[in-house]
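Residue numbering restarts at 1 for every chain, and letters A, B, ... go by the order of the sequence lines.
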2 protein chains.
Amino acid sequence: MRTALRSERPDSHFEDIRGLHLFSEMSEESFLTLMRGSYVQNFPPQVELVTEGEQSDFLHVLVDGSVEMLSSWNGRETVMATVRPISTFILAATIRDAPYLMSAQTLEKSRIVLIPSEDVRDVFEEDVNFARSIIAELAQCYRSVVKNIKDLKLRTSLERLANYLLREQHRQKAGDSFDLPIDKRRLASRLGMTPENLSRAFKNLQGYGVEVRGGRITITDPAELERFAKPDPLIDDKSA
Amino acid sequence: MRTALRSERPDSHFEDIRGLHLFSEMSEESFLTLMRGSYVQNFPPQVELVTEGEQSDFLHVLVDGSVEMLSSWNGRETVMATVRPISTFILAATIRDAPYLMSAQTLEKSRIVLIPSEDVRDVFEEDVNFARSIIAELAQCYRSVVKNIKDLKLRTSLERLANYLLREQHRQKAGDSFDLPIDKRRLASRLGMTPENLSRAFKNLQGYGVEVRGGRITITDPAELERFAKPDPLIDDKSA
DNA sequence: CGAACGCTTGAACCCTGTCAACTCAAGTGG
DNA sequence: CCACTTGAGTTGACAGGGTTCAAGCGTTCG
């Protein structure tokens, strides 16, 4: 596991962070300013890092582990996204100095760098390159949620699942076989359906060349699945 | 109608644009650079201004009229948002120099200012204040789509309609009576439901103090409607 | 007046959510 | 080592919400 190996060089995650689009273009000075004010923390699984509705004090950078973004209303709860290393979350709330729209909670043991929101706002006033990176990042985030809405409104749950599987296969650079990266119950919520419904959806996809054994997915007939799923770059491509 | 009054002073819409958060903080010089390169155009209703999937050439500013943002997939189509004066649209695609994720079409006769995307990108490199405004605007847009997702995933269609009515009442600063600003069929699509379903939803809301006659809504029992709708600032507030 | 269109209504069907029972695997403790 | 517990996942039965199809109503507009 990476965390263990890296623990000898306490500053090494700074390099990882520097590698992110968001931080790669800024001046060394600005970057060090941000890092000097930041805290590195290790969290056990199932810890609530930020709470929906509270004020934004830190920009979070997930260096290792995994984090789930959740929202709730009127007693219901839904999974909005899953964050994997290395990436930031709740940038928009940080920028606007506004309350969080989602909660975040660790799924596994996670290492997270906390950068005070105020520092972020101060630094982008000074460093045009950082400002430009923030713009690029926010535009990207925006486009990715718009795609999420299109997925929700234009597709049935079965189609969403089919396209999710194709995306996941591609993301993991897997062959025709790969493991689901999260629980099925969380996946169901992410895709806007109930666990029971997801279970049935998986069964239905058997007819389109998908085999499921536990969390292991095997796509036996990729052409058939694609014909059904009709993936679209304007919904399914992470970048662009 | 404002358009008629203003047509005598052809540059007056520049002042309107200057009043937008996005343009109010930048230097006069930068602003004039943008305006000099821009085109003002009047469009009749039902014109497709931008097409999903095409490359982004202009940042659009709606000065007068109204515009609908649409997305489609696999023969289905959905209303993503309605844009009213004075505001910009497709900022994110402009910034990222990426293909549009939505189409835009005029609902009424509309006056639109087209600012070449390249100019926008050039100017924010130079003008830190403009960059800062873009950041604020994008963060705002991002948060507003996240709210849309929460609305879709956490609420039933009846709850979405109820909250829509409360938001619309508030937006129009209306008393207990106001007109729907768009067709019911478009509203249905916006809320992620069919026209038939919307029709029934309106009937169901009669039980919670809502009267409907044509496009005219009267909220006879605001307390009762709120009790049912449970509006939440983290979903329903436009700002913040 | 008739045509066109948006909206509404009814009926049938299907997808989805709910509730409950059951399986299965992993972990716990006697 | 094995019974017991626990939690996720699956399955079935059922109800409800939502879509679809078809027909009817009401306005507007030529």
Can you measure [X] atom [atom1] to [N] atom [atom2] for me and round it to whole angstrom units?
X: B:Arg213; N: D:dT27; atom1: CZ; atom2: C1'; result: 16 Å
X: B:Arg76; N: D:dT20; atom1: CZ; atom2: P; result: 9 Å
X: B:Leu158; N: D:dG17; atom1: CG; atom2: P; result: 9 Å
X: B:Leu198; N: D:dT20; atom1: CG; atom2: P; result: 15 Å
X: B:Leu161; N: D:dG17; atom1: CG; atom2: C1'; result: 15 Å
X: A:Gln206; N: D:dT10; atom1: CD; atom2: C1'; result: 12 Å
X: A:Glu159; N: C:dC15; atom1: CD; atom2: P; result: 11 Å
X: A:Arg185; N: D:dT10; atom1: CZ; atom2: P; result: 11 Å

Minimum-distance nucleotide (side-chain atoms of [X] versus [options]):
X: A:Lys184; options: D:dG18, C:dT9, D:dT10; value: D:dT10
X: A:Ser199; options: D:dA22, D:dT10, D:dA8; value: D:dT10
X: B:Asn197; options: C:dT16, C:dG17, D:dG18; value: D:dG18
X: A:Glu196; options: C:dC7, C:dG10, C:dT18; value: C:dT18
X: B:Asp183; options: D:dG9, C:dG17, C:dC7; value: C:dC7

Looking at A:Arg200 and D:dG9, is any side-chain donor or acceptor paired with a base atom of the opposite kind under 3.5 Å?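 When only heavy-atom distances are counted, A:Arg200 does not reach the base of D:dG9 through any donor-acceptor pair under 3.5 Å.
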Stems in DNA chain C: runs of 3 or more consecutive Watson-Crick or G-U pairs, distances under 3.5 Å?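 Consecutive-pair runs (3 or more) involving DNA chain C: C:1-30 with D:1-30.
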Think A:Thr194 has a side-chain N or O under 4.0 angstrom from the OP1 or OP2 of C:dG17?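 Yes, within the criterion.
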Under 4.0 Å: is that the gap between some side-chain N or O of A:Ser157 and OP1 or OP2 of C:dT16?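 Indeed, a polar side-chain atom of A:Ser157 lies that close.
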What distance separates B:Met102 CE from B:Ile90 CD1, expressed to the nearest 0.5 Å?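 Those atoms lie 9.5 Å apart.
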Would you compute the distance between atom CG of B:Leu198 and atom CG of B:Asp183 and round it to the nearest 0.5 angstrom?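 Here the interatomic distance stands at 11.0 Å.
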Output all residues satisfying side chain to side chain contact (heavy atoms under 4.5 Å, CB included) with A:Asp232, sequence neighbours left out; order by chain, then residue number.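 Scan of A:Asp232 (side chain to side chain contact (heavy atoms under 4.5 Å, CB included), adjacent residues dropped) gives A:Arg155, A:Leu234, A:Ile235, A:Asp236, B:Trp73.
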Under 4.0 Å between a Lys/Arg side-chain N and an Asp/Glu carboxylate O for [X] and [Y]?
X: B:Arg96; Y: A:Glu137; answer: no
X: B:Glu52; Y: A:Lys150; answer: yes
X: A:Glu159; Y: B:Arg76; answer: yes

Please confirm whether A:Lys184 makes a cation-pi placement over A:Phe202, using NZ or CZ under 6.0 Å from the six-membered ring centre and within 45° of the ring normal.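 Ring-cation test returns yes.
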